[in-house]
Novice: 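Let me begin by handing over the structure; questions about it come next.
One-based numbering, in listed order, for ligands and for the atoms of each. What's counted below: heavy atoms across the whole structure, side chains too, no hydrogens, waters or symmetry copies.
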Amino acid sequence: MKVIRSLEEWRDLRRTLEGSVGFIPTMGALHDGHTSLLQASVDHDDVTVMSIYVNPTQFNDPKDLANYPDTIDADLEVARDMGVDFVILPVYDEIYADGYRFSVDENRFSRELCGANRPGHFTGVLTVVMKLLNIVRPDRAYFGKKDYQQYVLIRDMVETFFMDVEIVGCETVRERDGLAMSSRNKLLDREGRLLATCFNRALALDASDAEISSRLEDLGFDVDYIESRGPRRFGAVVVACGDRTVRLIDNVEIKQVDEEVGEVA
Ligand code: PAF
């Protein structure tokens, strides 16, 4: 496995690669959700590339960025064990050489659900993903459906801008008690982790969004939103853990897809 720290080095290398290239962009703090994406690429592509870059433009809360877990040595070991061929570790000055003068803005779905209370979040995500896709030039890029809104926005961006890459959505990987795997789970204390178990179970209940929301509030969550869209129910909650808060998101399929229920976005 080769670790690449400069984009120039990567570009030279990219020209020499043969066969299909699979790409998994990450912000590190790898967990089994990420390894399932890496495995999908290792199984389908001739070459697997992963990036680790904690993208500051998608954090609207500086505390969230400061608290984001950094486990680079362990991440590189996971990537090596999974059979990743290249890990790219870009730096801000290369990714944002323009000083974030240019961005990719979606003006409808990105303002809803997770975007409603996180202004600029999806603009940061779409901008960095477009940059990374243009740098890596993969045949396929893999994203987890735990971040379903992100997956849909990236899929639609690629279609809108005629980008020559297949976006593959992979199923959410869960802990044994149902909690969706997330890098932020590492920030939960014992009590917060116990409470977090109730989140996914509540989303799947046969009850209205409002009923689920008030049940979660009663349990001690601070609810950002609970909202059903088409065949899915989406939710975001905040768990208080000592002097910090941890934001969790998830979504579950609640109905069969049919014409009446329609699309999510
Ligand atoms: O899902 C993530 O980890 C990030 O949003 C991504 C896609 C790597 C962009 O920074």
Novice: Applying ring-ring contact (aromatic ring centres under 6.0 Å, His included) as the test, list every pair that has at least one member in residues 29-60; sequence neighbours left out.
Specialist: His31-His34, Phe59-Tyr68
Novice: Does Tyr148 have Arg232 sitting over its ring (NZ/CZ under 6.0 Å from centre, angle to axis within 45°)?
Specialist: yes
Novice: Can you tell me if Thr57 and Asn55 form a side-chain donor-acceptor pair at under 3.5 Å?
Specialist: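 Judged by distance alone, the side chains do pair up.
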Novice: Which residues end up grouped with Ile249 if you chain together Ile, Leu, Val, Met, Phe, Trp and Tyr wherever their side-chain heavy atoms are less than 4.5 Å apart?
Specialist: none
Novice: Quick one: do the Ser41 and Asp45 side chains pair a donor with an acceptor below 3.5 Å?
Specialist: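 Their side chains do contain a donor-acceptor pair, which is all the 3.5 Å distance test asks for.
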Novice: Is there any ring-ring contact (aromatic ring centres under 6.0 Å, His included) pair reaching into residues 177-229, and which pairs are they, with sequence neighbours excluded?
Specialist: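 Every pair satisfying ring-ring contact (aromatic ring centres under 6.0 Å, His included) with a residue in residues 177-229: there are none.
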Novice: Hey, what polar pairs (N/O, under 3.5 Å) does ligand 1 make with protein?
Specialist:
{"from": "ligand 1", "atom 1": "1 (O)", "to": "Gln150", "atom 2": "NE2", "distance (Å)": "2.9"}
{"from": "ligand 1", "atom 1": "5 (O)", "to": "Gln58", "atom 2": "NE2", "distance (Å)": "2.9"}
{"from": "ligand 1", "atom 1": "5 (O)", "to": "Gln150", "atom 2": "OE1", "distance (Å)": "2.7"}
{"from": "ligand 1", "atom 1": "10 (O)", "to": "Gln58", "atom 2": "OE1", "distance (Å)": "2.7"}

